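Bear in mind the structure is a predicted one, so any value in this text is a computation, not a measurement. Below, read A as the first sequence line, B as the second, and so on, with proteins coming before strands; counting in each chain starts at 1. The figures that follow rest on heavy atoms only: side chains count, while hydrogens, waters and symmetry mates do not.
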Protein chains: 2
Amino acid sequence: MTESPVHHESPIYRRIADRLRDQILSGALGDGDRLPGENALMNEYGIARATARQALAVLINEGLAVPKRGSGVYVRLFRPIRRHGSRRLSREQWAQGLAIWDSDTRGRSYTVDEVRILRETASEHVGRVLGAEEVWVRRRRYSVDGRPVQLAASFFPADLVEGTAVVLPDTGPGGVYARLGELGHAPVHFSEEVRARMPLPGETELLNLPAGTPVISVTRVAFAEGGVAVEVNEMTLDAASYVLQYDFDA
Amino acid sequence: MTESPVHHESPIYRRIADRLRDQILSGALGDGDRLPGENALMNEYGIARATARQALAVLINEGLAVPKRGSGVYVRLFRPIRRHGSRRLSREQWAQGLAIWDSDTRGRSYTVDEVRILRETASEHVGRVLGAEEVWVRRRRYSVDGRPVQLAASFFPADLVEGTAVVLPDTGPGGVYARLGELGHAPVHFSEEVRARMPLPGETELLNLPAGTPVISVTRVAFAEGGVAVEVNEMTLDAASYVLQYDFDA
DNA sequence: ATCATTGATTTCTCTAGAGAAGTCCCGCAC
DNA sequence: GTGCGGGACTTCTCTAGAGAAATCAATGAT
């Protein structure tokens, strides 16, 4: 709308941040290297501590650096630790024993309103898509190589899965869908919505996310024969660990 | 690794941020509403200006609020403005005239090394996947409803597309692939990698991103018959505007 | 009515200083 | 060698203050 941005002189903290960023992106400072700290910047540029902090804060919430209290600020290059195909997501991982779930809140029934009050991310989808008054919720946290990388919540129509834990046991991945198949509701089609956003505080702790790390949020709806939705799956993934991969034909 | 987090008392700025966040997430403060500013927080809690700023900064880089200099700090709920299926991405949009590209750097040939020096996000892919010494680059920026929402760079093997602009004219979406088809290299398979990260400074300006907005980065490789890669497409999307949608069968 | 100016309000940048809390390493006791 | 203090260093939290820069509404001139 307005005219081209007149280039006011950048503030000091930003110029310092730019210099540091250049050093990171050019490779002069590598992953895990230590950045000049508050004191170093104060001396080098003759600035106040708050200003030095501000410069470092820029890099920190760009996700290029991580502060470690009492120690220093370190370069953190964005390097995904593992790649997952979105569909065959964990099968090989599970087979190799690399992936585990380290917490599994057993499912129980909630009314759609209860879910909404719990402020599930999926709340709107669950009611609308699943078209059920009562849903069955199953929460998990997945870890790979000891690091938590994914939170998941699955919602099933309660009338479909009466019996809960017995019907949908913890038999690893695929187990749930296999059971749904035995009940005559095998999923045959999936629709996924992928978003990126900043994590909320709870997610920051559960996924152990350093500052400046966004999360990938995937909502997957599974449909059985006839177009009936049988599951809504909300996944929150550490974006530093995950790369989603999709393959499809023209 | 270490034992469970002892719950020290949260610092003041964080408690204030938590209170404000609750008001936002509970709906007491809606999209576009004005948050209490620095002065208001100073008076209300009896804290220094820097501390009040720190509280607001938490919400700002969580992406829940946007500061407007000289005016105030406003709630910004994460509400995608438009949804795209990843494949039929823009076809309807273009037909309705809602989408445009407002900059189109005509392609020219670069060596793979040149591309690497330009530090394209896709640099590594381009050399490896395309298996070409020289590539043809095409850059675009897409806007929807006057807002820039997507940066894109396409890489083609140079020996495939000699003649550049004539061979791959700006005929809107599909045009490029149609032309590739006429040349006998119609893409029949796509593979996409989806990442989320924080934007780099250039992207912040080009996409006009408010603080705290992550970007979705999609790398799409198009394969022709026989498994030959004919295009690498690097897309950077404003995550506040985009929701990617993928549909596939079991 | 339209346009320019002024003034109050608000965020932004920066200084100076101080104590708390966590990390890291060296040296000492065992 | 092993473990335990202690001290140096670093980031974190917070205070107090001041000028710059942008916004917004009201006021006044044309």
Participant: Show the atom names and distances, to 0.1 Å, of all donor-acceptor pairs under 3.5 Å that link a side chain in residues 44-54 of chain A to residues at least two apart or in another chain.
Facilitator:
{"residue": "A/R49", "atom": "NE", "partner": "A/E38", "partner atom": "OE1", "Å": "2.8"}
{"residue": "A/R49", "atom": "NH2", "partner": "A/N39", "partner atom": "OD1", "Å": "2.5"}
{"residue": "A/R53", "atom": "NH1", "partner": "A/E38", "partner atom": "OE2", "Å": "2.6"}

Participant: Expressed in angstrom and rounded to an integer, what is the separation of B/L59 atom CG from C/dT11 atom P?
Facilitator: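 Roughly 13 Å, once rounded to whole Å.
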Participant: Ignoring backbone atoms, establish whether B/S71 has a side-chain N or O less than 4.0 Å from OP1 or OP2 of C/dT10.
Facilitator: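 The answer is no; no side-chain N or O of B/S71 sits under 4.0 Å from OP1 or OP2.
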Participant: Regarding B/R34, tell me which of base, sugar-phosphate or nothing describes its non-hydrogen contacts under 4.0 Å with the strands shown.
Facilitator: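 Here B/R34 touches the backbone only, sparing every base.
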Participant: Given that A/G70 and A/A50 both sit by DNA chain D, which one's nearest nucleotide is further toward the 5' end?
Facilitator: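 Mapping each residue to its closest nucleotide by heavy atoms, the 5'-most match is A/G70.
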Participant: Would you tell me if any nitrogen or oxygen in the side chain of B/R53 comes within less than 4.0 Å of OP1 or OP2 on C/dC12?
Facilitator: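 Yes, because at least one side-chain N or O of B/R53 sits under 4.0 Å from OP1 or OP2 of C/dC12.
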Participant: Both A/K68 and A/T51 contact DNA chain C. Taking the nearest nucleotide for each, which residue is further toward the 5' end?
Facilitator: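 Upstream on the strand: A/T51.
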Participant: So if I take every side-chain heavy atom of A/P67 and compare against D/dT11, D/dT13, C/dC24, which nucleotide ends up nearest?
Facilitator: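 Per side-chain heavy atoms of A/P67, the pick is D/dT11.
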Participant: Please pick, from D/dT11, C/dT11, D/dC14, the nucleotide with the shortest atom-to-atom distance to any side-chain atom of A/R69.
Facilitator: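 Nearest to the side chain of A/R69 among the choices is D/dT11.
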Participant: Measuring from the side chain of B/Y13 (C-beta onward, heavy atoms only), which nucleotide among D/dT13, D/dT11, D/dT23 has the closest atom?
Facilitator: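 Among D/dT13, D/dT11, D/dT23, the one nearest the side chain of B/Y13 is D/dT13.
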Participant: What nucleotide, of C/dT11, D/dT11, D/dT13, holds the atom closest to the side chain of B/Q54?
Facilitator: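 The listed nucleotide nearest to B/Q54's side chain is D/dT13.
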Participant: Specify the residues of residues 41-48 of chain A, ordered by number, for which at least one heavy atom lies under 4.0 angstrom from an atom of DNA chain D.
Facilitator: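 Listed by number, there are none.
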Participant: Report yes if the side chains of A/L200 and B/L25 come closer than 4.5 Å at any heavy-atom pair, otherwise no.
Facilitator: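 Yes - at least one pair of side-chain heavy atoms lies under 4.5 Å apart.
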Participant: What residues form a salt bridge (Lys or Arg N to Asp or Glu O under 4.0 Å) with B/R69, not counting sequence neighbours?
Facilitator: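 Result, salt bridge (Lys or Arg N to Asp or Glu O under 4.0 Å) vs B/R69: none returned.
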Participant: Take the protein atom OH of A/Y74 and the nucleotide atom C1' of C/dG22, then report the distance between them rounded to whole Å.
Facilitator: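 Nearest whole value for this atom pair: 12 Å.
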Participant: In this structure, how many angstroms lie between the P atom of D/dA22 and the CD atom of B/E38, rounded?
Facilitator: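 The distance from CD of B/E38 to P of D/dA22 comes to 16 Å, rounded to the nearest Å.
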Participant: Specify the separation, in whole Å, of atom CG of B/N39 and atom P of D/dA18.
Facilitator: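 The distance from CG of B/N39 to P of D/dA18 comes to 15 Å, rounded to the nearest Å.
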Participant: Got a salt bridge between B/D18 and B/R15, using NZ or NE/NH1/NH2 to carboxylate O under 4.0 Å?
Facilitator: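 Not counted as a salt bridge, because no side-chain N and carboxylate O are separated by less than 4.0 Å.
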Participant: Just verifying a value: how many Å separate B/E62 CD and A/R197 CZ, rounded to the nearest 0.5 Å?
Facilitator: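 Going from the CD atom of B/E62 to the CZ atom of A/R197 covers 11.0 Å.
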Participant: If we check side-chain contact (heavy atoms from CB on, under 4.5 Å) with A/V75, which of these qualifies: A/L64, A/V66, A/L20, A/L35?
Facilitator: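 Exactly one pass, corresponding to A/L35.
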Participant: Please determine if a side-chain N or O atom of A/R49 lies less than 4.0 Å away from the OP1 or OP2 oxygen of D/dT10.
Facilitator: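 So the side chain of A/R49 is outside the cut-off, no N or O lying under 4.0 Å from OP1 or OP2 of D/dT10.
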Participant: Give A/I12 one of three labels, base, sugar-phosphate or nothing, depending on what nucleic acid heavy atoms sit under 4.0 Å from its own.
Facilitator: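 Answer is sugar-phosphate: A/I12 comes under 4.0 Å of backbone atoms only.
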Participant: Check whether any side-chain N or O of A/N233 sits under 3.5 Å from a backbone N or O of A/R220 as a donor-acceptor pair, and report yes or no.
Facilitator: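 The answer is no, because no donor-acceptor pair under 3.5 Å joins these two groups.
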